[in-house]
Amino acid sequence: MKKLLSIGLSIIVLLVGAFFAVGVFVPNYRYSTRVEIDRPIDAAWDYFADETKAKDWIKGLQSMELIGGEPRTVGSKYRMEFEQDGRHMVMTETVTDYVPRERFAFILENEVIRSEATVKFTSINGRTLVEQDVDVRGGNPFWRSLFALMRSSFKSNAQEMLDTLKTNIEKS
């Protein structure tokens with residue numbers, strides 16, 4: 001019985017060690033998503049930049065409040081509240097780049113996660129290509145390991161939001 005407990009404990013220690021090793025070897029995750037919108041860039045950008053419409057396409061967003069700086073300028077900060085799967089989450093968004101009708105970059109973070117994203121808009125024959133590049137990093141070794149294992153869900157959620165943005169813009 002003692003040997004069986006020792007083997008079981010060894011297996012648990014190895015599994016926990018392997019879990020944390022994932023976060024060491026994959027400390028961050030980068031992904032890209034894109035969507036082509038059947039509207040001119042002015043219409044696509046105006047909808048995207050309208051904060052009153054953000055809840056309509058950003059999954060789980062409950063509220064967004066300016067807490068520092070001038071709206072949509074480099075350095076401005078927003079307090080964003082999300083509700084996902086019954087969990088309430090507060091994050092801070094810091095604008096790192098803002099060129100109307102061209103790109104919007106930001107850092108979205110709290111103690112659990114830091115996400116650096118750039119959203120680019122390109123006009124193509126009266127249509128708009130929206131491309132998003134994101135770098136996600138967990139706030140500590142546990143979260144880095146967990147996020148490394150959840151990589152596909154980050155990308156699929158981001159793509160789902162861009163698809164919703166596309167649908168909403170094309171309807172408006």
Side-chain angles (χ1 to χ4, degrees), residues 11-35 37 44 47-98 103-120 130-172:
I11 291 171
I12 290 171
V13 168
L14 284 172
L15 289 174
V16 169
F19 173 79
F20 283 103
V22 169
V24 170
F25 292 109
V26 185
N28 63 319
Y29 170 58
R30 291 187 174 114
Y31 63 88
S32 297
T33 53
R34 61 188 288 160
V35 69
I37 301 169
Y47 186 96
F48 172 82
D50 185 344
E51 293 173 13
T52 65
K53 292 181 171 60
K55 284 193 237 179
D56 297 338
W57 64 274
I58 298 176
K59 190 175 180 177
L61 181 64
Q62 299 296 302
S63 67
M64 183 174 178
E65 171 190 3
L66 181 67
I67 57 173
E70 295 297 316
R72 296 296 175 220
T73 59
V74 172
S76 64
K77 291 186 181 289
Y78 292 82
R79 181 178 195 270
M80 300 178 76
E81 293 189 40
F82 295 86
E83 187 77 30
Q84 291 185 341
D85 301 325
R87 291 182 316 233
H88 182 76
M89 182 173 32
V90 177
M91 301 187 80
T92 301
E93 177 188 77
T94 304
V95 176
T96 57
D97 193 11
Y98 191 84
R103 74 182 167 274
F104 171 59
F106 60 93
I107 297 170
L108 187 63
E109 63 188 332
N110 63 15
E111 63 280 349
V112 172
I113 189 171
R114 177 183 172 96
S115 177
E116 296 182 34
T118 300
V119 183
K120 294 177 262 178
V130 179
E131 299 172 287
Q132 178 176 265
D133 296 312
V134 182
D135 186 327
V136 176
R137 175 180 288 271
N140 62 41
F142 172 79
W143 291 112
R144 283 191 289 277
S145 295
L146 186 61
F147 293 160
L149 298 172
M150 296 174 51
R151 292 184 293 200
S152 65
S153 69
F154 280 107
K155 184 173 181 173
S156 65
N157 283 337
Q159 186 63 55
E160 182 182 329
M161 283 190 278
L162 281 185
D163 292 341
T164 301
L165 176 67
K166 168 188 170 65
T167 299
N168 291 355
I169 291 170
E170 289 178 352
K171 278 194 229 174
S172 63

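Numbers here simply count residues along the sequence, with the first being 1. Worth knowing before you read on, the calculation uses all heavy atoms, side chains too, and leaves out hydrogens, waters and symmetry mates.
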Test item: [X] side-chain N/O and [Y] main-chain N/O as donor-acceptor pair under 3.5 Å:
X	Y	result
Asp135	Glu116	no
Asp85	Arg87	no
Thr118	Ala105	no

Item to complete: Give the minimum heavy-atom separation between Tyr29 and Lys155, together with the two atoms involved.
Response: OH-CB, 4.0 Å
Discussion item. If I compare all heavy atoms of Ser76 with all of Pro71, which pair ends up nearest, and what's the gap?
Written reply: OG-C, 4.4 Å
Worksheet entry | Tyr78: which of Val95, Ile67, Thr92 passes side-chain contact (heavy atoms from CB on, under 4.5 Å) | Val95
Could you measure the distance from the [atom1] atom of [X] to the [atom2] atom of [Y]? Nearest 0.5 Å is fine.
X	Y	atom1	atom2	value
Glu160	Thr33	CD	OG1	12.0 Å
Asn140	Ile113	CG	CD1	11.5 Å
Leu61	Glu83	CG	CD	11.5 Å
Ile107	Arg114	CD1	CZ	4.0 Å
Thr94	Glu109	OG1	CD	5.5 Å
Thr73	Asp97	OG1	CG	11.5 Å

Item to complete: Return each pair, listed once, that meets salt bridge (Lys or Arg N to Asp or Glu O under 4.0 Å) where at least one residue sits in residues 68-79; pairs must be two or more places apart or across chains.
Response: Glu51-Arg72, Arg72-Glu93, Arg79-Glu81
Discussion item. Applying side chain to side chain donor-acceptor pair (under 3.5 Å) as the test, list every pair that has at least one member in residues 54-69; sequence neighbours left out.
Written reply: Lys59-Asn157
Below 4.5 Å, heavy atoms only, C-beta onward: do [X] and [Y] meet side chain to side chain?
X	Y	result
Lys120	Asp133	yes
Lys53	Asn168	no
Asp163	Val35	yes
Leu162	Leu165	yes

Fill in: Step-by-step side chain to side chain contact (heavy atoms under 4.5 Å, CB included) determination, Asn110 to Val90
CA-CA 7 Å; Asn110 63 15; Val90 177; over 6 Å; no
Worksheet item: So which pairs with a foot in residues 145-172 pass ring pair (Phe, Tyr, Trp, His ring centres under 6.0 Å), sequence neighbours left out?
Response: Trp143-Phe147, Phe147-Phe154
Worksheet item: Passes side chain to side chain contact (heavy atoms under 4.5 Å, CB included), Val130 versus Lys166? Steps please.
Response: CA-CA 9 Å; Val130 179; Lys166 168 188 170 65; over 6 Å; no
